[in-house]
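These notes concern the structure reproduced below.
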There are 2 protein chains.
Amino acid sequence: MGRELTAKGRATRTRIVEGAAAVLRDKGVAVATLDDVMARTRTSKSQLFHYFPSGKDELLLAVAQFEADQVLEDQQPHLGRLDSWESWWAWRDVVVARYEEQGDQCPLGSLFLQVGRSTPGARAIVVELMRRWQESLAIGIRSLQAAGLVPAGLDVDRRAAALLAGIQGGVSILLATGESAHLRAALDQGIHDLGGPAVATG
Amino acid sequence: MGRELTAKGRATRTRIVEGAAAVLRDKGVAVATLDDVMARTRTSKSQLFHYFPSGKDELLLAVAQFEADQVLEDQQPHLGRLDSWESWWAWRDVVVARYEEQGDQCPLGSLFLQVGRSTPGARAIVVELMRRWQESLAIGIRSLQAAGLVPAGLDVDRRAAALLAGIQGGVSILLATGESAHLRAALDQGIHDLGGPAVATG
DNA sequence: CTTGGAATGGACTATTCGGTCCAGTCTAAG
DNA sequence: CTTAGACTGGACCGAATAGTCCATTCCAAG
């Protein structure tokens, strides 16, 4: 299936994906229509189906991949350098700020509802995202261990998994209630329980 | 707004809500239609609009309330008696079992997508559910404190909030990936960090 | 220049589905 | 028994929207 995309075509395709992502964030996946995407990206329906032959679901999946990549990127460079307490707290601040700013739109979560969670493609995207995220956390914890900042006997993988779960849940609750208290609690408590210094709760 | 419901009417209304909940679980909120609900509950369209005059959203909201009540009920009586380590672990088992069984359908989460998270009614339901859930956890932790099983200086509310976040995230990840490892990790780690005995990881 | 295929425009279709309406039935109170 | 109003059946409607089709334009290679 050799793709035949000229430079112009690639640009248009990118414009569609990014514009669609913006539309989905603005209006919500449930009510966003292809016409919205067309208006936003100044494209015609034939273009949409030219670049995404299987239709809306294929486009949504592309947007999901785009958003998933964004998630980890937004946490850099902190997420990649979790080798001191300072960097852990800096990372925490970035995560809180990012999701507080995002407000009550969860592009990724919503997308899978529409596409169907069991779609192989959709599941693969989220599995891969979680895997990479947790791996970064685990590497960070091991860095602390190497520096003698946390006990060597710590169950790193379980810590990382629990922390990731706390973040996900914190974000879910933020989306549903508008309050970021749980996200903060999960991050603060999770980092605290690694054995680090007490954080000044603010 | 005095409701005028006879016994027969109340029965029908209940039948609709429960049937709709079943339909939503089976087919997913995104694709479930009023016709599905009609077929399942052996009702006519006029009945649906008789009991839910503002239409589908009102019905979905009623189902959301129904499901929300179910969530805490399914954790009883354990959730109400978290006064020993045994009861905490028993509760954990129930939570894991419940959500593993539920598979990849999240009636509540999906519902708010459709209705719109910002709808006052929808937000109120989820806020109240989280509040009650977290309060039960906090009471449980305080019971352990009273029994001298965990340090008195523990920040109970932050612990409870973080644990709740971990559960929510664990469930989210379970829904998205089909794996309950994160839910287990969040629960085991969260209970472990209260200061209790090490759990045999299985 | 020409030419084949990519890229684009936009009208048209098919269908689904929430919601309306009215006619008809049941039921509890007087 | 009467009757008001709750309850039910089901035909009908209109809007929304994913997807199709074909004509036209653009562009790079030969």
Side-chain angles (χ1 to χ4, degrees), chain A residues 1-20 23-24 26-64 110-111 113-116 119 121-122, chain B residues 1-20 23-24 26-64 110-111 113-116 119 121-122:
Chain A
M1 51 187 297
R3 285 267 175 206
E4 314 260 7
L5 282 189
T6 68
K8 193 180 179 186
R10 251 173 290 137
T12 301
R13 201 195 122 103
T14 302
R15 196 171 83 244
I16 292 174
V17 171
E18 293 179 356
V23 168
L24 295 182
D26 284 354
K27 308 197 52 171
V29 179
V31 296
T33 70
L34 292 186
D35 287 320
D36 294 327
V37 176
M38 287 162 57
R40 178 81 168 222
T41 61
R42 292 189 310 281
T43 49
S44 64
K45 198 156 263 185
S46 59
Q47 281 172 290
L48 258 42
F49 282 85
H50 179 67
Y51 293 105
F52 304 95
S54 342
K56 195 180 188 184
D57 282 359
E58 190 181 354
L59 173 58
L60 290 181
L61 218 54
V63 173
S110 328
L111 276 164
L113 256 260
Q114 204 72 10
V115 174
T119 305
Chain B
M1 51 187 293
R3 285 266 176 209
E4 314 260 5
L5 283 188
T6 67
K8 193 180 179 188
R10 252 172 291 136
T12 302
R13 201 196 123 103
T14 302
R15 196 171 85 243
I16 291 174
V17 171
E18 293 179 357
V23 168
L24 295 182
D26 285 354
K27 307 197 53 171
V29 179
V31 296
T33 71
L34 291 185
D35 287 319
D36 294 327
V37 176
M38 286 162 58
R40 177 80 167 225
T41 62
R42 291 188 312 280
T43 50
S44 65
K45 198 158 264 185
S46 59
Q47 281 173 289
L48 258 43
F49 282 84
H50 179 68
Y51 293 105
F52 304 94
S54 345
K56 195 181 187 183
D57 282 359
E58 190 181 353
L59 172 59
L60 290 181
L61 219 53
V63 173
S110 329
L111 276 164
L113 257 261
Q114 203 73 10
V115 174
T119 304

Once side chain to side chain donor-acceptor pair (under 3.5 Å) is applied, do any residues pair with B:Asp26, and if so which ones, sequence neighbours excluded? B:Arg40
Check whether any side-chain heavy atom of A:Leu61 lies under 4.5 Å from a side-chain heavy atom of A:Phe52, and answer yes or no. no
On a heavy-atom basis, the closest approach of A:Leu111 and A:Ala64 is CD1-CA, 3.6 Å
Considering non-hydrogen atoms only, spot the tightest contact between A:Thr43 and A:Val37 and give its length. OG1-O, 4.3 Å
Atom of A:Met38, atom of A:Lys45 and distance for their closest heavy-atom approach: CE-N, 3.6 Å
Which heavy atom of B:Val29 sits nearest to which heavy atom of B:Ser110, and what is that distance? CG2-CB, 3.5 Å
All side chain to side chain donor-acceptor pair (under 3.5 Å) counterparts of B:Thr6, not counting sequence neighbours: none
Could I get the full list of salt bridge (charged side-chain N to carboxylate O under 4.0 Å, His left out) partners for B:Lys27, not counting sequence neighbours? B:Asp36
Quick check for you: name the first and last nucleotides of DNA chain C, 5' to 3', having an atom under 4.0 Å from a heavy atom of chain A. C:dA6 to C:dG10
Rounded to whole angstrom units, what separation is found between the CZ atom of B:Phe52 and the P atom of D:dC7? 12 Å
Please give me the minimum heavy-atom distance between A:Ala20 and A:Thr41, naming the atom from each residue. N-CG2, 4.3 Å
Report yes or no: does A:Thr33 contribute a side-chain atom to a donor-acceptor pair with the main-chain N or O of A:Asp35 at less than 3.5 Å? yes
Through what angle, rounded to 10 degrees, does the axis of the helix from C:dC1-D:dG30 to C:dG30-D:dC1 turn between its ends, using five pairs per end? 10°
Nucleotide by nucleotide, 5' to 3', does protein get under 4.0 Å of the base (B), only the sugar-phosphate (S), or neither (-) in nucleotides 18-30 of chain D, counting heavy atoms? BBBB----SS---
Do the side-chain N or O atoms of B:Tyr51 get closer than 4.0 angstrom to the phosphate oxygens (OP1, OP2) of D:dT8? yes
